[in-house]
There are 2 protein chains.
Amino acid sequence: MKPTIYDIAKVAGVSTATVSKVINNKGRISDRTKEKIYQIMDEMRYRPNVLASALKGKCTYQIALLIPDMDNPIYAQYLKHIEDRGQELGFSIVMCSTDNNPEKEAKHITLLRQKKVDGFIIASKFSNEELLSELLQDEVPVVLFAHERPEMAIDSVTVDDYWGGFMATEHLISLKHEKIGVIADDSISCRERIRGYTSALRSAGLSAEDNMIVITRSKMADAEIAAGTLLDLTDRPTAIFGCNDIMAIGVMQAARKRHLTVPDELSVIGFDNTQMCTIVVPELSSIAMPVHELGKKAIDMLIDKIERQANLKQNIKMPPQLVIRNSTSKKK
Amino acid sequence: MKPTIYDIAKVAGVSTATVSKVINNKGRISDRTKEKIYQIMDEMRYRPNVLASALKGKCTYQIALLIPDMDNPIYAQYLKHIEDRGQELGFSIVMCSTDNNPEKEAKHITLLRQKKVDGFIIASKFSNEELLSELLQDEVPVVLFAHERPEMAIDSVTVDDYWGGFMATEHLISLKHEKIGVIADDSISCRERIRGYTSALRSAGLSAEDNMIVITRSKMADAEIAAGTLLDLTDRPTAIFGCNDIMAIGVMQAARKRHLTVPDELSVIGFDNTQMCTIVVPELSSIAMPVHELGKKAIDMLIDKIERQANLKQNIKMPPQLVIRNSTSKKK
DNA sequence: TTGAAAGCGCTAACAC
DNA sequence: GTGTTAGCGCTTTCAA
């Protein structure tokens with residue numbers, strides 16, 4: 001059997017209280033006993049039972065991460081970086097894939113609250129306002145990740161989607177494109193990116209036409225179809241902004257099927273700067289997220305809330321970066 | 001405060017034992033009390049505290065998944081399918097990324113054993129034999145995933161790598177290629193795939209030359225360099241088998257840099273059949289894994305071990321499938 | 001500086 | 001059928 005705190009106490013000739021105190025570095029214990037207990041714990045290969053201490057109200061060192069779509073490599077990246085940082089800090093990540101399905105989201109949340117995870121990082125859409133307010137009310141530590149809810153007082157770490165959309169579009173404008181389409185899904189982030197797009201057009205004195213914006217599901221095949229509708233217009237755009245790399249690649253595929261060469265006949269730019277950008281031909285220009293920093297920040301913020309019960313709301317917004325590759329070029 | 005089993009017992013006018021019995025569906029309880037207790041639990045929105053019951057030796061409904069490399073989309077796929085199945089069964093997945101680093105593997109294992117996860121699915125390399133035997137000795141439920149250890153009595157669910165390697169090579173041979181290279185990493189799976197490759201060559205009466213096999217790290221850039229050495233040979237191969245899609249794409253990039261067109265001047269085939277296959281140009285032929293079945297099987301097997309303490313060793317090996325796309329063609 | 005003891009929420013053996 | 005009770009391994013208050 002694994003040794004318990006009792007075994008240690010017995011061998012050390014002290015009470016469990018004393019052992020507990022040295023484990024948690026609390027109360028005043030003489031250096032001598034401390035020393036001795038450490039040594040005995042070491043010898044007996046003692047490992048505290050996290051369950052028992054959690055039952056007494058301590059934390060479980062587990063964090064749940066809700067992720068919408070594992071098919072999009074950007075989420076694998078987020079997961080990786082969040083897990084990395086969690087690992088450094090002794091926190092494990094419980095991974096929940098949701099497909100943006102509110103039922104799945106709710107199921108995960110209830111289940112994991114039962115299992116007493118210490119907090120949630122939510123990268124999923126989470127349209128269930130009610131559940132969200134419930135979490136806030138119960139003071140469950142939550143940070144929204146990669147999308148925000150400005151209307152709710154809730155912590156978040158996001159990228160500046162507006163600015164990303166602006167930069168992407170501005171880049172296309174700088175290449176003399178005037179008719180620029182955009183393919184997006186109906187997420188909040190995409191709405192922001194579109195806002196950036198519109199704003200960039202306006203700033204350049206171009207008109208933002210409604211029929212240049214098409215919303216669809218965030219799947220490559222859907223994006224391809226959506227791009228098709230744009231490309232089949234008699235007055236087709238000469239450049240398209242895909243609101244994430246998956247969609248941008250869908251656009252490239254639509255172009256290929258129509259024998260339009262990228263970038264000569266159509267410029268395409270994506271968003272997220274995933275590994276996919278460098279394997280397509282031509283390589284895809286994109287907007288890079290500071291994935292590592294985003295992940296780190298989210299965990300750090302959450303753990304801060306967990307451990308210090310810090311409760312001031314923070315909304316961190318990091319700047320994305322334009323990465324120019326070969327899918328965008330001067331309008332011919 | 002959240003209601004406990006005591007609260008329910010009090011309201012129902014019974015003892016906690018009775019409530020516990022109806023929760024766990026054990027012992028004989030009259031339908032009337034059962035009914036009543038259910039109703040009260042419902043009304044009070046009672047949720048059993050998993051920690052407390054786990055402290056009594058029950059399971060935590062948590063499974064750890066050790067994954068080597070989140071940059072390879074095949075692992076994101078595995079994770080997704082394993083999580084999906086776990087979700088259906090009420091088990092949460094604790095995700096551990098290891099980079100195949102033995103230290104990280106060990107750290108995760110010890111930490112999560114402390115946290116009392118019910119079992120481990122190990123897709124990481126796990127070269128630490130000692131740790132593995134320790135797990136077996138302590139009867140911790142473990143299933144090896146996507147790679148096996150025939151020499152150790154340990155459950156596993158894998159794909160038939162040998163057969164996959166054989167099929168890939170045979171496909172190239174059927175296209176009249178005679179000089180076929182292979183790029184692989186030093187994992188056990190890849191060794192099997194190479195064994196299949198060698199065997200296919202032999203069956204066709206072709207010689208397997210050592211200098212056609214190059215082992216490197218499983219990164220695109222490394223594979224590209226490795227492929228380069230092959231392609232720069234005066235007697236270069238006319239086809240290359242990349243032991244996973246990442247590496248195969250590295251091969252395609254090496255070819256592009258040398259102005260060799262795929263498939264006309266060089267046929268390339270990958271392994272895993274990830275989404276990447278359909279976004280590269282030309283689309284990459286590959287060997288498809290039954291990802292969904294693999295994931296499901298692994299979880300089901302593990303849970304079986306957890307719940308029934310089933311202890312007979314099983315090694316499940318599933319057949320992969322050849323998917324022909326446009327990166328392979330008849331030798332010109 | 002240390003210890004006794006109550007209790008976190010639940011389960012299970014045993015008694016009735 | 002149902003209740004009593006002793007823990008699971010730990011933390012923490014209070015007393016010494």
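Every value quoted in this text rests on a predicted model; they were computed, and no experiment measured them. Chain naming here is simple, since letters A, B, ... match the order of the sequence lines and numbering starts at 1 in each.
- Atom P of nucleotide C:dC10 and atom CG of B:N49 are separated by 6 Å, given to the nearest angstrom.
- Atoms NZ (A:K116) and C1' (C:dG9) sit 9 Å apart, rounded to a whole Å.
- Within 4.0 Å of A:V14, counting heavy atoms only, lie sugar-phosphate atoms of the nucleic acid but no base atom.
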Expected rows: protein N/O vs nucleotides 12-16 of chain C N/O, under 3.5 Å:
| residue | atom | partner | partner atom | Å |
| --- | --- | --- | --- | --- |
| C:dA12 | OP2 | B:K26 | NZ | 3.1 |

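- The pair B:R149-B:E129 meets the salt-bridge criterion, since a charged nitrogen lies less than 4.0 angstrom from a carboxylate oxygen.
- Taking the side chain of B:A52 as heavy atoms from C-beta on, and the options C:dC10, C:dT1, C:dA4, the nearest nucleotide is C:dC10.
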Salt bridge (Lys or Arg N to Asp or Glu O under 4.0 Å), that's the test. Do B:D7 and B:K2 meet it? Break it down for me. CA-CA 9 Å; B:D7 302 317; B:K2 289 200 142 201; over 6 Å; no

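- Salt bridge annotation for A:K296-A:D300: present, with a cationic side-chain nitrogen under 4.0 angstrom from a carboxylate oxygen.
- Whole-Å rounding puts the B:I5 CD1 to D:dG3 P distance at 12 Å.
- Counting non-hydrogen atoms of other residues, nucleotides and ligands closer than 6.0 Å to NZ of B:K116 gives a total above 12.
- Per the geometry, CE belonging to B:M41 stands 15 Å off C1' belonging to C:dG9, to the nearest Å.
- The side chain of A:S15 contributes an N or O atom lying less than 4.0 Å from OP1 or OP2 of C:dG3.
- Checked for salt-bridge contact, B:R217 and B:D185 miss the test: no charged N lies under 4.0 Å from a carboxylate O.
- Straight-line distance from the CZ atom of B:R28 to the P atom of D:dG3: 16 Å, rounded to whole Å.
- For A:L55, the listed nucleotide lying nearest its side chain is C:dG9; candidates were D:dT4, C:dG9, C:dT1.
- Closest approach to the A:I29 side chain among C:dT2, C:dT1, D:dT11 is made by C:dT2 (side chain taken as heavy atoms from C-beta onward).
- Inter-residue side-chain proximity for A:S187 and A:K125 is flagged as unmet; no heavy-atom pair is nearer than 4.5 Å.
- Using modelled atom types, no side-chain atom of B:S156 and backbone atom of B:T158 make a donor-acceptor pair closer than 3.5 Å.
- Rounded to an integer number of Å, the gap from CD1 of A:I8 to C1' of C:dG3 is 18 Å.
- Contact check, B:Y46 against C:dC10: a side-chain N or O comes under 4.0 Å of OP1 or OP2.
- Comparing B:G27 and A:R47 by the nucleotide of DNA chain D that holds the closest heavy atom to each, the one mapping nearer the 5' end is B:G27.
- Nucleotide D:dC10 holds its C1' atom 15 Å from the NZ atom of A:K2, rounded to whole Å.
- Computed from coordinates, the A:L51 CG to C:dT11 P distance equals 13 Å when rounded to whole Å.
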